[in-house]
*Asks:* 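Following this message is one structure expressed as structure tokens.
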Amino acid sequence: MEKVFDRRWFVSLLVLVLLAFPFLVGQSSYFMGLVVTMAIYAIAAMSLNLLTGYGGQVSIGQGGFLMMGTYSTGVLSTTFGLPIWLALPSAGVIAALVSLVIGLPAVRLKGHFLAVATLGFGLSIPEIALNWKSVTGGYSGLPLMRPEWASDDLTFFYVILMLTFLVTWVLMNIANSRLGRAFLAIRDSEIAAAATGINVAGYKTVMFMISAFFTGLAGGLYAYWIQYISPNDFTIMASFFLLAMIVVGGLASIWGAILGAVLFTGIPHFSDAYVGVTNLVIGLAVVLVILFRPAGLVSLGEFFQRRKQRPSGETPVEKVPGQDFEEADNA
């Protein structure tokens with residue numbers, strides 16, 4: 001009960017700080033943009049974590065769905081004149097439909113075979129964006145205008161913030177639902193999951209579609225914030241970047257994905273002044289977490305709580321790394 005109470009206080013405080021943030025930084029577009037980028041990557045990281053952390057399906061092409069979301073939003077808004085409240089979910093639906101085409105054959109693959117297949121998708125989308133000039137504008141990219149009511153950065157900052165809260169709530173409920181438990185069963189053992197009556201191929205396809213939908217939505221939010229879409233926005237490095245976020249933050253943890261997104265989006269803010277330092281810090285963080293905290297940084301909360309509650313002189317019992325990702329999520 002105390003743990004739930006503390007968490008509610010923490011979440012409430014976090015929400016209040018985020019709501020007040022623009023005024024704390026003098027409505028600086030740079031700092032608001034930094035928080036917006038964190039929010040967008042948090043949505044994409046949570047979506048990937050649902051697929052990889054909860055479902056055990058390693059995807060290295062998630063940046064492709066981000067790019068699909070940006071271009072789908074741009075084309076639907078600029079060419080077809082769809083309002084933002086239709087363009088954003090439509091971009092997510094388009095990404096989900098493409099993931100269905102990819103997911104149907106991919107569900108038969110496992111491990112590195114699946115990773116290579118999704119890697120091919122992530123590499124192909126930027127090339128398509130570059131060469132399909134009649135739709136994407138090629139190297140010139142696509143300009144995009146926000147609706148008049150959200151034309152200023154402050155208003156759209158709150159729009160993105162509210163949508164991030166909503167997506168977080170939805171994904172948390174999915175992860176804790178019967179659907180999320182089926183994903184965990186498939187991750188642990190596809191044979192055992194099938195033996196209990198779980199349609200493994202069907203659930204894998206659903207994983208891909210849900211993950212792609214919310215990633216496409218994140219890409220659409222990015223397009224509206226930047227108001228310009230370029231084929232260089234989300235290269236294959238964005239996919240590796242997202243994968244690093246969930247590994248460092250914590251697999252099978254919504255809070256871990258958010259923590260990883262905040263950490264890896266904030267690192268360049270402090271290290272970009274030094275050439276090569278950003279990639280070095282990110283690579284070092286991934287290696288250290290894999291070696292010492294395989295359950296991710298989110299598991300540190302549980303670790304310190306156990307030490308605090310342990311009677312004096314008692315030897316701590318360490319869990320097998322990665323043994324219980326669900327408990328890491330509750331830390």
Side-chain angles (χ1 to χ4, degrees), residues 1 3-8 10-12 14-15 39 41-59 62 65 69 88-89 92-93 95-97 99-100 102-104 106-107 114 162-218 242 245-247 249-261 295-296 298-299 301-302 322-331:
M1 184 68 182
K3 189 176 181 181
V4 174
F5 183 74
D6 289 343
R7 183 185 298 178
R8 286 178 178 174
F10 171 76
V11 172
S12 300
L14 178 63
V15 170
Y41 270 113
I43 293 174
M46 287 187 289
S47 305
L48 178 60
N49 216 349
L50 190 70
L51 177 65
T52 301
Y54 287 90
Q57 311 305 304
V58 180
S59 172
Q62 207 72 0
F65 292 117
L88 282 175
V93 169
L97 291 175
S99 76
L100 177 62
I102 298 169
L104 288 175
V107 293
L114 177 61
M162 293 300 108
L163 286 174
T164 304
F165 293 152
L166 177 62
V167 171
T168 303
W169 178 79
V170 170
L171 289 175
M172 279 185 170
N173 278 277
I174 291 175
N176 295 319
S177 69
R178 183 177 178 181
L179 187 63
R181 291 191 292 272
F183 292 169
L184 289 170
I186 293 171
R187 180 200 68 188
D188 293 338
S189 173
E190 291 187 14
I191 296 175
T196 60
I198 295 175
N199 183 346
V200 174
Y203 275 100
K204 278 187 176 182
T205 304
V206 171
M207 286 181 214
F208 273 100
M209 293 186 70
I210 294 175
S211 178
F213 173 83
F214 287 110
T215 306
L217 182 67
L242 287 170
M245 287 178 186
I246 64 172
V247 169
L251 291 170
S253 168
I254 297 298
W255 286 109
I258 295 173
L259 177 61
V298 75
S299 66
E302 182 190 4
Q323 179 181 359
D324 192 347
F325 290 115
E326 284 186 284
E327 289 187 11
D329 189 34
N330 293 326

*Asks:* Under 4.5 Å between any side-chain heavy atoms of Thr215 and Leu48, yes or no?
*Replies:* no
*Asks:* Tell me the closest heavy-atom pair linking Leu100 and Thr205, and the distance in Å.
*Replies:* CD1-CG2, 3.4 Å
*Asks:* Is Leu242 close to Phe65 at the side-chain level, that is, under 4.5 Å between some pair of heavy atoms?
*Replies:* no
*Asks:* What distance do Leu50 atom CG and Phe208 atom CZ have between them, rounded to the nearest 0.5 Å?
*Replies:* 11.5 Å
*Asks:* Specify the closest pair of heavy atoms between Ile43 and Ser47, including all atoms of both residues, with the distance to one decimal.
*Replies:* O-OG, 2.8 Å
*Asks:* Return the minimal non-hydrogen interatomic distance between Ala44 and Ala218, and the atom names on each side.
*Replies:* N-CB, 4.3 Å
*Asks:* Of the non-hydrogen atoms in Ser299 and Gly296, which two are nearest, and what is the gap between them?
*Replies:* OG-O, 2.6 Å
*Asks:* Return the OH to CG distance between Tyr54 and Leu171, rounded to the nearest 0.5 Å.
*Replies:* 9.5 Å
*Asks:* Taking atom OG of Ser99 and atom CZ of Phe213, what is their separation to the nearest 0.5 Å?
*Replies:* 11.0 Å
*Asks:* If you compare all heavy atoms of Ser59 against all heavy atoms of Leu51, which two are closest, and at what distance to 0.1 Å?
*Replies:* CB-CD2, 3.6 Å
*Asks:* Give, for atom CZ of Arg181 and atom CD1 of Ile198, the distance between the pair rounded to the nearest 0.5 Å.
*Replies:* 10.5 Å
*Asks:* Looking only at heavy atoms, what is the nearest atom pair of Gly216 and Ala95, with distance?
*Replies:* CA-CB, 4.1 Å
*Asks:* Can you confirm whether Met245 sits close enough to Tyr41 that some side-chain heavy atom of one is under 4.5 Å from a side-chain heavy atom of the other?
*Replies:* yes
*Asks:* How many angstroms lie between CD1 in Ile174 and CH2 in Trp169, if you round to the nearest 0.5 Å?
*Replies:* 10.0 Å
*Asks:* Does Leu179 form a side-chain contact (heavy atoms from CB on, under 4.5 Å) with Ile210? I'd like the steps, not just the answer.
*Replies:* CA-CA 11 Å; Leu179 187 63; Ile210 294 175; 3.8 Å; yes
*Asks:* Could you check if a side-chain atom of Val200 sits within less than 4.5 angstrom of a side-chain atom of Lys204, using non-hydrogen atoms only?
*Replies:* yes
*Asks:* First locate atom OG1 of Thr168, then atom CG of Asn173, and finally report the distance between them rounded to the nearest 0.5 Å.
*Replies:* 11.0 Å
*Asks:* Quick check: do Trp255 and Met172 have side-chain heavy atoms less than 4.5 Å from each other?
*Replies:* yes
*Asks:* Side chain of Asn49, backbone of Leu251: donor and acceptor closer than 3.5 Å?
*Replies:* no
*Asks:* Is it the case that Ser211 and Gln62 place a side-chain donor and acceptor less than 3.5 Å from each other?
*Replies:* yes
